[in-house]
Structure formats: structure tokens, C-alpha cells
Q: 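Can you read through this structure? Questions will come right after.
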Amino acid sequence: MSLRIGIDLGGTNVRVGLVDEKGTILDIIQEPTEAYKGHIKTINKMKQMIERLIEGKKVKGIGIGAPGPLDFKKGVILSPPNLPGWDGIPLVKILEEHFKINVYLNNDANAAGLAEAIVGSGVGYESVYYMTVSTGIGGAL
């Protein structure tokens with residue numbers, strides 16, 4: 001079984017899930033982001049959450065949906081309004097160095113929209129539009 005970690009990094013909560021190759025969620029942990037405590041505290045919390053889920057398991061990669069703006073090609077969170085102090089944080093590099101596996105970063109709305117198109121209520125449609133209203137507002141086509 002090919003396992004992966006999916007992370008939803010939000011302004012209010014961080015959710016870390018263990019998923020199989022079909023996208024089935026096998027386990028999930030949710031904790032408050034506590035962005036006001038700074039990015040180092042939140043990143044360390046994410047590392048601990050991941051470690052709890054992958055203990056004794058071989059994981060192929062980590063995917064992160066994060067609020068924008070970000071540079072997903074470089075794996076850097078730029079300056080999201082709902083994550084104060086996250087200015088130029090190289091999240092992909094930090095996690096790749098720690099876990100020694102590939103890490104991918106994309107906008108949270110893009111990631112959610114893609115998931116709906118591939119395994120959600122958008123399956124079978126030529127076009128899918130996804131809109132999120134949470135701590136922030138976003139959309140994906």
C-alpha cells in the first residue's frame with residue numbers, strides 16, 4: 001500500500017491526514033494552528049503530527065494545502081494574511097530536510113478544488129469550480 005501525508009494548513013486549524021493511493025483517509029489529526037505563537041511553533045507542531053501518523057510506516061510524500069500568497073514552485077509561503085509572520089517561509093525545504101521525502105505545496109483552494117474534481121462531487125464533469133469560505137476566501141477552476 002502506497003501511503004502519503006496530506007496537510008491542510010489553515011489560519012484556525014492544522015489538519016494532517018494519512019491517505020492511501022486512492023485518496024482514502026486512513027487517519028487524521030487536527031490541532032489549532034495558533035498562528036499568533038509564530039511559524040516555528042506551528043511547523044514544529046506539524047512535524048509532531050506527521051511523526052505520530054507515520055510511526056512505523058513508509059510514506060511516499062507529503063502534500064500541503066496552504067493559504068496564499070505563496071510560491072508553490074519554490075515551496076515558499078510568502079505572506080498570508082491569516083498566518084501573520086509567515087513571510088518567506090520555505091516550508092517545503094524545512095519538511096523535506098526533516099523527513100527526507102518529497103514535499104509539495106499548493107494553494108489550499110487549488111488543492112481542495114483538485115480533490116473535488118478527482119475524487120469528489122466533480123467526478124465526471126468537464127469543468128469543476130470550487131469555492132471555500134473559511135478563515136479566508138478562495139476558489140479554484
Side-chain angles (χ1 to χ4, degrees), residues 2-141:
S2 181
L3 302 174
R4 293 164 178 81
I5 290 289
I7 301 173
D8 175 15
L9 172 60
T12 305
N13 292 297
V14 177
R15 294 173 188 88
V16 178
L18 180 67
V19 299
D20 66 15
E21 66 276 356
K22 296 178 184 175
T24 304
I25 299 171
L26 305 174
D27 200 356
I28 192 165
I29 301 171
Q30 176 178 312
E31 294 190 16
T33 305
E34 300 177 309
Y36 61 90
K37 292 185 178 180
H39 69 277
I40 294 171
K41 176 85 171 164
T42 303
I43 292 170
N44 285 336
K45 180 186 295 194
M46 287 173 28
K47 288 177 185 176
Q48 292 169 359
M49 294 167 75
I50 294 165
E51 288 166 354
R52 284 172 36 203
L53 288 177
I54 68 172
E55 187 175 351
K57 299 173 182 76
K58 179 139 176 76
V59 175
K60 192 170 185 172
I62 297 172
I64 307 165
L70 52 82
D71 183 334
F72 66 88
K73 289 182 180 179
K74 293 182 180 175
V76 176
I77 296 181
L78 297 176
S79 182
N82 53 350
L83 294 174
W86 287 65
D87 302 324
I89 304 301
L91 185 57
V92 166
K93 181 180 177 186
I94 292 167
L95 294 180
E96 281 184 340
E97 287 177 356
H98 184 81
F99 290 104
K100 308 294 186 227
I101 58 176
N102 291 332
V103 178
Y104 305 92
L105 175 70
N106 206 326
N107 177 272
D108 52 1
N110 290 346
L114 182 61
E116 281 296 334
I118 294 173
V119 296
S121 56
V123 171
Y125 290 94
E126 186 175 319
S127 297
V128 176
Y129 182 75
Y130 179 87
M131 186 166 188
T132 181
V133 179
S134 186
T135 308
I137 298 172
L141 176 63

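What you see below is based on every heavy atom in this structure, not just the backbone, and it leaves out hydrogens, waters and symmetry mates.
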Q: Residues two or more places apart in sequence or in another chain: which of them pass side-chain contact (heavy atoms from CB on, under 4.5 Å) with Leu114?
A: Ile118
Q: With rounding to the nearest 0.5 angstrom, report the CG to CZ distance, Leu26 to Arg4.
A: 11.5 Å
Q: Rounded to the nearest 0.5 Å, what separation is found between the NE2 atom of His98 and the CD1 atom of Ile101?
A: 10.0 Å
Q: Identify all side-chain donor-acceptor contacts of residues 41-48 below 3.5 Å with residues at least two apart in sequence or on another chain.
A:
from: Thr42; atom 1: OG1; to: Thr33; atom 2: O; distance (Å): 3.1
from: Thr42; atom 1: OG1; to: Gly38; atom 2: O; distance (Å): 3.3
from: Asn44; atom 1: ND2; to: Ile40; atom 2: O; distance (Å): 3.3
from: Lys45; atom 1: NZ; to: Pro32; atom 2: O; distance (Å): 2.5
from: Lys45; atom 1: NZ; to: Glu34; atom 2: OE1; distance (Å): 2.7

Q: Under 3.5 Å, sequence neighbours excluded: what are the donor-acceptor pairs made by side chains of residues 60-68?
A:
none

Q: Mind checking salt bridge (Lys or Arg N to Asp or Glu O under 4.0 Å) for Glu31 and listing every partner two or more places apart, or none if nothing turns up?
A: Arg52
Q: Determine, stepwise, if the pair Ile5 / Ile54 fulfils side-chain contact (heavy atoms from CB on, under 4.5 Å).
A: CA-CA 8 Å; Ile5 290 289; Ile54 68 172; 3.6 Å; yes
Q: With rounding to the nearest 0.5 angstrom, report the CD to CG distance, Glu21 to Leu3.
A: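 Atom-to-atom, Glu21:CD and Leu3:CG are 7.5 Å apart.
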Q: Go through the structure and list residues passing side-chain contact (heavy atoms from CB on, under 4.5 Å) with Tyr129, not counting sequence neighbours.
A: Met131, Leu141
Q: Hey, is CD1 on Ile25 packed in by over 12 heavy atoms from elsewhere, all under 6.0 Å?
A: no
Q: Do Tyr130 and Asn110 have side-chain heavy atoms sitting under 4.5 Å apart?
A: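 Result no, sub-4.5 Å side-chain heavy-atom pair not found.
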Q: Might you point out which heavy atoms bring Gly113 and Ala140 nearest each other, and give the distance in Å?
A: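 So the two residues come closest at CA-CB, 4.3 Å.
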Q: Pairs under 3.5 angstrom only: tabulate donor-acceptor contacts from the side chains of residues 10-20 to other protein residues two or more places apart or in another chain.
A:
from: Thr12; atom 1: OG1; to: Thr135; atom 2: OG1; distance (Å): 2.7
from: Arg15; atom 1: NE; to: Gln30; atom 2: OE1; distance (Å): 3.0
from: Arg15; atom 1: NH1; to: Asp8; atom 2: OD2; distance (Å): 3.0
from: Asp20; atom 1: OD1; to: Lys22; atom 2: N; distance (Å): 2.9
from: Asp20; atom 1: OD1; to: Gly23; atom 2: N; distance (Å): 3.1
from: Asp20; atom 1: OD1; to: Thr24; atom 2: N; distance (Å): 2.9

Q: Just grab all the side chain to side chain donor-acceptor pair (under 3.5 Å) pairs involving residues 115-125, residues at least two apart or on different chains.
A: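 As it turns out, the side chain to side chain donor-acceptor pair (under 3.5 Å) pairs with a partner in residues 115-125, which skip direct neighbours, are Glu116-Ser121.
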Q: Side-chain donor-acceptor pairs under 3.5 Å in residues 72-96, sequence neighbours left out?
A:
from: Ser79; atom 1: OG; to: Asp87; atom 2: OD1; distance (Å): 2.9
from: Glu96; atom 1: OE2; to: Val103; atom 2: N; distance (Å): 3.1

